[in-house]
Amino acid sequence: MTLSRDQIDAAVSAIRARSAASPEYAIILGTGLGTLADRIDADTRISYADLPHFPRSTVEGHAGELILGRLAGRPVVALSGRFHRYEGYTLQQVTFPVRVARALGAHTLIVSNAAGGMNPHFRAGDLMVITDHINLMGDNPLIGPNDDTLGPRFPDMCEPYSNALVDLAEQAALELGIPLRRGVYVALTGPCLETRAEYRFLRLIGADAVGMSTVPEVIVAVHAGLRVLGFSVITDECFPDALRPADIAKIIETANAAEPKLAALVTRCLEKMA
Ligand code: HPA
């Protein structure tokens, strides 16, 4: 299903009926940023269930709510509730909130995820600023007729993650004394974790971290002309020659433990953004 300009407009109208806010920064509260919702000085909270064409969250703990307010004094729209391809959503559905955030006026997108670390220098609990990505989902949210009013048919991908924002994030991390890795994120659909042969392959093609999200949203953000800043929380070590069974409970625990660090970093980044 291709989500059209009319559907974006319908969702925006429903939001406009509740708020006149003009958010400049969109934040997807994925893994690692969930608690950021509590730091937002919220004016308006709207359940996804009250927004036309918004997907419904199926994952427990993902509230499924759009929050308009201020964070670090900046006008933000926070999307609390992220959608994954492996849940059965199309990539158009997964990325619809990004379209709506853009239509509300956002010019910058901040995203985060939980990822497996494949760079041997990385350890579980590390934070990484995403410098580039590899799309191995075998799908693309822009497939289908292109609406030229939303973005170009063939969006350029030479700098999907703003180099200036990567620099700004590194500066912010330095100021806060938070160690920050940098690297390439590769996205697969999941829901399986990867085999040892796959980790070896993903490392070989230049990826530092692997996960099941973010890339679709970033593709749509670039198509729509948004600047992007992305972070991964390294939740487990995916070294093919020393691989142990993935412990999902431990992965979630590691992600939760890193949240305050990432929330502080994103808040400082917002303070520093012009
Ligand atoms: N693969 C491996 N480890 C992970 C992933 C993944 O997709 N996400 C979080 N840790």
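Counting starts at 1 for both ligands and their atoms, in listed order.
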**Q.** Side chain to side chain, Cys269 and Ile110, heavy atoms closer than 4.5 Å
**A.** no
Q: Evaluate side chain to side chain donor-acceptor pair (under 3.5 Å) for Ser4 paired with Asp6, printing each intermediate quantity in order.
A: CA-CA 5 Å; Ser4 67; Asp6 287 348; 4.8 Å; no
Q: Write down, by chain and number, every protein residue that brings a non-hydrogen atom to less than 4.0 Å from an atom of ligand 1.
A: Ala114, Ala115, Gly116, Leu193, Glu194, Tyr199, Val210, Gly211, Met212, Thr235, Asp236, Cys238
Q) Between Lys250 and Glu253, does at least one N-O distance fall below 4.0 Å, as a salt bridge requires? A) no
Q. Any side-chain heavy-atom pair from Phe231 and Val266 closer than 4.5 angstrom?
A. yes
(Q) Looking only at side-chain N and O atoms, does Glu217 offer a donor or acceptor that is under 3.5 Å from a partner on Thr95? (A) no
Q) Can you find a heavy atom in the side chain of Leu150 that is under 4.5 Å from one in the side chain of Val220? A) no
